[in-house]
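Here the structure comes first, spelled out in structure tokens, and everything after it is commentary.
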Amino acid sequence: MEKKEIHGSGDKWAEFLQSVFDLALENQGPERTAQLLNKLADRLRASQDGLPRGFNTPYVNTIPPEQQPPFPGDWQMERRIKSYIRWNAMAMVVKANSTTNVGGHISTYASAATLYEVGFNHFFRGRTENFPGDMVYFQGHAAPGIYARAFLEGRLDERHLQNFRQELADGGGLSSYPHPYLMPEFWQFPTVSMGLGPLLSIYQARFNRYLQARGLAKWTEEPKVWCFVGDGETDEPETLGSLTLASRENLDNLVWVVNCNLQRLDGPVRGNGKIIQELEAAFLGAGWNVIKVIWGSDWDDLLARDKSGLLLKRMEEAVDGDYQKYSVEPGSYTRRHFFGKHPELLELVNHLTDDQIRKLLRGGHDTRKVHAAYQAAMEHKGRPTVILAKTVKGYGLGEAGEGRNISHQQKKMNEKELREFRARFNIPISDDVIAETPFYRPPADSPETKYLLERRKTLGGFLPRRKVNPGSPGLDVPKPDYFAEFFKGSNTEVSTTMAFVRLVSVLLRDKSLSRNIVPIIPDEARTFGLDALFKDIGIYSSKGQLYEPVDSQSLLYYNEKKDGQILEEGITEAGSMSSFIAAGTSYATHGVPMIPFYIYYSMFGPQRVGDLFWLAGDIRAKGFLLGATSGRTTLNGEGLQHQDGHSLLHASTMPTLLAYDPAFAYEIAIIIAEGLRRMYAEGEEIFYYLSLYNENYAMPPMPAGVEDGILKGLYKFKSGADISQPGSAGVSPAHTKLAGGTPALPGLKAHIFGSGPIINSALKAQEILADRYGVSADVWSATSYKLLRTDALRCKRWNMLHPTAAPKKSYVETLLAKEQGVFVAVSDYMRLVPDQIAPWVPGGLMTLGTDGFGRSDTRARLRRFFEVDAESTVIATLYALAEKGLVEWQLVEKAIKDLGMNPEKVFPQIV
Ligand SMILES: Cc1ncc(C[n+]2csc(CCOP(=O)(O)OP(=O)(O)O)c2C)c(N)n1
Ligand SMILES: [Mg+2]
């Protein structure tokens, strides 16, 4: 083509460039052509500021019609099945809300029905003997549709559907959303806290690879992880935050389906833009394979006939707010506003009636388009795939909520709306009963039921299904005496973190258990002294180590390997928790019990990712969470953002979490041995939290007979000197004089509960009290206020409900019943932690704690500031005695002076 021929004409330029492009493609091949085009694009960008980077493809389906494989199913049959499921999903919500106000959602599933049904009929593989099953994260709000399918499959009956969201009804009901805790044989993955499902799915897919690399997975075929995501859900940072991990790890076992119905709860997701294009750019930039399913088959013909490119132009310029409007308005509106912009476009749809225009399908409602996308995702190698499917929220609800801004909250339908719904989807329900919204299940011998069951059989069985193989958790766990070295104590000063690290290295040498251990660290191995493990067991890396580490000469070099055991997650507590959850549920998802030990900066535990802790309970994860560098004053220097004095309170809110605050190495050994036994030998679906500290001190030997107390939460560690007789135990009854001449009662008794390193404040206070004030104080180690409280509550409640029976006594009440004197608690946590047991302590509990923001300073100053040092403990004990009239108030005042406490110092808690 001559240069002058094309001068001035836009179309000619396009043709010219197209012909050059075709030539290049033909002669140079796609890769070289792409390189050339990129070079040219770079030149263009360099010369013009502000040009877009070009992470978008045109606003049409990624798979053109000519590349669409033939649909292997019976399309009409699947439509009928889907319609029945749609009806039942709607009916269960409407029914539940006709008598109660328990809520529920219709419109999410209504928009996603095709996305799920294509999966169920053609792709999702069930669990078989040698295959764990595909792992499907269903959108939480689509749960009614998943139940409705299980009803058609015969897995649930009418009573279940009737009791949707009424779990406490006689005979039980169905949980509102996917909760394995509530329906442990059905749901596998909780997803309803937006953003967590997508995040977990990435780490699940990566964990599957980890198991495989370590030779622990027994499958013959690799399972796929499917995650269904709402387009509004992509606003959550957790949703998109780990995308690059999936591409970096080449997770082609992961498929996401983003249901782009353009709406969230309040209104449009991106009314002024296009969510599909925005997500495409993000996913392409993150290295994912992106498949857009925007237009249904009806549009193929229109696009093919659109020689001018105006249809595509119009598709690209209309924003999502416009598209939402087209879904609620009649066809005439779309004809006028969408096609009517250009006479050529009006002509393009001349042959269509308004009704036909209104029914032009979006891609996500077109079984064949969705199938083609899923097929392509299954076949894609090397990268994770995301399918961006365009749908209509509340599809099929008509005036009751289709495409309306109120759609998400719609849970009632009047009779007229029900009739319309029935007609649209051909549901065989007669007029006289329609107002009751009866469920509809085709007979067992109907072609629909046979088809549906045959499809599931071919795909390996029903799904979702959670299964724990009987006997599978039965690991050969070590008995407590395996940890004998920790019971002996040590004069060398060590921290509880160091003791824990030592314990893990002992376990890693245990023949029967070591393979199942999964150490997880978010970039803090050096902080906790776990870097010693790098060399021994290696850091998991799917690529091995492609470089020579700078520290290769050292003993503890940074050792990445393909079958490495440590999950070094980098700086992501959310990602690390996701790995904890994947590993901690492996006993159920894979039938391979794994023991995660996730150690992290305690402050960035439940405070940062509490929702994932909560989810770990729901999903029945097992394992050990280690909140290291804990304690508001023990982690000195770091200050306000790092010093944790409240995680144990968070931990108290988690129903299946056993939370401990151990002081000594032997306590850690006893707790972990018991945790291994309960979770991995007995199969209990619980998990453990231990706070660990970085203060070094000599670890005492374990006193005899304290194991039970350690596990229950409290035991006497060191009795006070016997000073009931004046002069005994070398202690003079100084208090009598000090108290201003009023003789105090002989045998002044106190009890101090200490936890973590702050037990040392209690021990030092014990000495001061005896030496200077004639008070004999017993020091107790309080390992778990949470467990003590739960046990006490259980007993009290039983007593209340059995008022004439012999009352039960809780552990803490039994333990303390025989003790005299006053009770004081001191810990590196806020007062509410020990306060949990105050109602059951005879005479009440005086608590000291670290309420308020932390400060950067030395431990000694911090402990004085928060009033948890030995001197503060002495003063509190004397005060408690004075309150009971056992010593004079003047004695307390004198102690304040003696011990250098400034009574006017600030109150660390702000409000
Ligand atoms: C963390 C969190 N925040 C808020 C909600 C409440 N919520 C439930 S569904 C929803 C809207 C969901 O919109 P989208 O993700 O687009 O899903 P759709 O129903 O449209 O498919 C919101 C805000 C939640 N479940 N989780
Ligand atoms: Mg949405």
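Atoms within a ligand are numbered from 1 in the order they appear, just like the ligands themselves. Owing to the predicted nature of the structure, the values given are computational and were not obtained by experimental measurement.
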List the steps, then state whether side chain to side chain donor-acceptor pair (under 3.5 Å) holds for Q607 with H650.
CA-CA 8 Å; Q607 166 154 297; H650 290 134; 5.1 Å; no
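Rounded to the nearest 0.5 angstrom, L397 CG and M90 CE are separated by 8.0 Å. Atom CG in L360 sits 10.0 Å away from atom CG in D355 (nearest 0.5 Å).
When ring centroids are compared, Y116 and F138 come within the 6.0 Å threshold. In summary, the aromatic rings of F425 and W87 are positioned with their centroids too far apart to meet the 6.0 Å limit.
For ligand 1, residues of the protein lying within 4.0 angstrom by heavy-atom distance are T108, Q139, H141, V192, S193, M194, G230, D231, G232, E233, E236, N259, N261, Q263, R264, L265, K393, H408.
K369 and Y374 share no side-chain donor-acceptor pair at under 3.5 Å. When only modelled atom types and interatomic distance are considered, E78 and T367 share no side-chain donor-acceptor pair under 3.5 Å.
Tested against H380, the residues T385, N289, D252 include a single side chain to side chain donor-acceptor pair (under 3.5 Å) partner, N289. Each of R424, Q410, K393 was evaluated against E402; a single residue qualifies, R424, per the side chain to side chain donor-acceptor pair (under 3.5 Å) test.
Of all protein N/O/S atoms, those lying under 2.8 Å from the Mg ion (ligand 2) come to 3.
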